[in-house]
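In what follows, a structure is listed as structure tokens, so that the remarks can point back to it.
Every chain is numbered from 1, with letters handed out A, B, ... down the list of sequences.
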Amino acid sequence: MTDYTDQYMDALRLKGDPLADATVEALFSTGQVGRYNTLMRWFTTSGQALPDGLPDAARDYLRATATPPDWIDWGVMEQARRFFVDNDVHVSTALSFAAMPACYVVPHVAKLLSATHSLAYPSRRMAETGQFTVYLMQPDAFQAGGRFLPAAQKVRLLHASIRRHLKEEGRWPEPVAICQEDMLGGLMMFSIQVLDALHRMGIHITAEGADAYYYAWRVVGAILGIEPDTIPPDLEAAREFSDRYMVRHMGPSPEGAHLTRQLIDLYEEVVPGTLLDPIVPALIRYLIGDTSADWLEVPRTRFDSLIRIAPALLGALEWVEDRGPWAEQISDRLGRLVTMLELSSLTRGRVMHYAIPQELKPDFGVPSKTARWTPPPPTAVSRS
Amino acid sequence: MAQSDGRAGPGNDMLCLAAGVADLVAEGLRVMARRMPGPAEVRQELRARGELALRRNGAAPEAHLEVLARRAAARLGDG
């Protein structure tokens, strides 16, 4: 097993994603980003012919990355899909309330997300991540007609363009933004740390299910431009890497606290009414623990102690599911409905486009609530 | 013709059966009511179960991220 020493991790901080970086560089230097974005809006599924008039650099990149890695084991991927179908609500909950705060508790990641502004409107980021995961877990994810690979190809270029913008503007204190270490760190948050959160919620998962779920994310990592040799090969190695990464970088930051507040506000809007609003911060605090929650300024609420019975409630739900296929079917359908409602409230029914931003702020900035149109006041028309 | 000793004739079979069932149900309800705990006992029982459940979950290991955060905090303190 690789020894994840500080020296090893430091070396990963200097590496970006050469293929995607070169593609983005070529698109920008020839002024073809706008054309790429327009044409790629219509390119959404695997096997679809590439649009005519696509810049050469983009065409070469899309051809080189059109297939999943050749080492992929389809049997394990099918196991992962079944794991996701069985646990979709729980996995979505863990992604939202544990994995996203875990991103914010790494100050330079929080700063990056703030700098790119994509999280000044957190539902966009959540929508993109959520839709990406749903695409991944479709039975045809990697086949002709599947939506996952084109989405991943676009996300990889999106990352490369953010890397380029931050470097050009001199706004990033390190040599490489979204470096290999941070991409691996992110992969850990969405894989092993989601499994940690499921465990804390008292969800019963099998060792095979956990292995398969992690395997699927290893595949995703390789597709998103992480060097395959550096991806921890199994959950044991992932634990080692994830722990090292978090301890190296965790800490408080104003950006992390700000993004967390926005995440809480977003979910309080999704949960109908205000009575249950305190559940959102309580669940985050329960899943990530008091130290991180205090760093992120997650408010303390009257639900903090009550949330500790969540595993007992989920256990009762599992007991009902075990009563028979009808109960399981009802619960599965309800689960899928909740996930779809959650996702559609975030995406507002749109398909996320993952375009390359030509500039950072204008493309990612979103009008504030105060910018909502209101009818003009009555004019002072004198009666004739 | 009705019999003087109070026993129903064969024509009243259905009536007797119904009365028997009703008596059995009533007896059952009486026994159940005698054995059923009062609201105070129910409350006490639920509370005891709740305390046990909370203790069981309270004894669960800490959030993994909490363990890491304390290590990171110690490192930040050192730095």
Side-chain angles (χ1 to χ4, degrees), chain A residues 6 94 97-99 101-107 185 188-189 192-202 238-253 256 283-296 298 305-316, chain B residues 8 10 12-79:
Chain A
D6 278 340
F97 299 107
C103 294
Y104 304 160
V105 90
V106 175
M188 298 300 113
M189 292 165 192
I192 189 165
Q193 290 185 32
V194 161
L195 295 173
D196 289 339
L198 291 179
H199 175 69
R200 184 135 178 86
M201 288 195 280
R239 167 91 297 141
E240 170 85 12
F241 187 96
S242 174
D243 289 2
R244 288 266 170 165
Y245 178 80
M246 296 309 287
V247 174
R248 260 164 73 83
H249 299 294
M250 276 174 108
S253 71
L283 186 56
I284 294 177
R285 184 169 279 278
Y286 176 76
L287 290 176
I288 67 174
D290 278 332
T291 306
S292 302
D294 288 345
W295 280 342
L296 295 178
V298 175
S305 53
L306 200 63
I307 204 82
R308 287 193 298 144
I309 63 163
L313 292 178
L314 290 168
Chain B
N12 287 335
D13 250 10
M14 286 306 290
L15 180 65
C16 288
L17 284 173
V21 169
D23 189 53
L24 188 69
V25 170
E27 173 67 17
L29 285 176
R30 266 198 302 278
V31 171
M32 232 171 75
R34 264 204 307 277
R35 285 186 192 162
M36 212 163 73
E41 280 171 278
V42 171
R43 194 188 148 95
Q44 201 181 0
E45 168 73 14
L46 280 178
R47 205 189 143 78
R49 285 188 83 97
E51 273 174 12
L52 281 174
L54 279 178
R55 207 172 304 154
R56 206 165 48 234
N57 292 316
E62 282 180 305
H64 191 83
L65 220 51
E66 176 62 20
V67 179
L68 301 181
R70 287 208 195 124
R71 263 193 256 162
R75 189 183 50 79
L76 288 174
D78 289 345

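The number of heavy-atom neighbours closer than 6.0 Å to NE2 of A:His199, taken from other residues, nucleotides and ligands shown, is 12 or below.
Among A:Pro252, A:Ser242, A:Ala293, A:Gly289, the residue with the largest count of heavy-atom pairs under 4.5 Å with chain B is A:Gly289.
No side-chain heavy atom of A:Arg200 sits less than 4.5 Å from a side-chain heavy atom of B:Glu66.
When every heavy atom of B:Arg75 is checked against every heavy atom of A:Arg248, the shortest pair comes out as NH2-O, 2.9 Å. Closest heavy-atom contact between A:Trp295 and B:Ala72: CH2-CB, 4.2 Å. In terms of heavy atoms, A:Leu287 sits closest to B:Ala63 at O-CB, 3.4 Å.
For chain B, the nearby parts of A:Ile288 are the backbone and the side chain; heavy atoms of each come within less than 4.5 Å. Interface residue A:Asp196: only side-chain heavy atoms are found under 4.5 Å from chain B. When heavy atoms are compared at a cutoff of 4.5 Å, A:Arg239 approaches chain B solely by way of its side chain, counted from C-beta outward.
In this structure, OG in A:Ser292 is found 8.0 Å from CG in B:Leu68, a value given to the nearest 0.5 Å. Atom NE2 in B:His64 sits 7.0 Å away from atom CD1 in A:Ile192 (nearest 0.5 Å). Separating the CG atom in B:Leu65 from the CE atom in A:Met250 is a distance of 4.0 Å, to the nearest 0.5 Å.
The contact list for residues 23-33 of chain B toward chain A, using heavy atoms and a distance under 4.5 Å, is empty.
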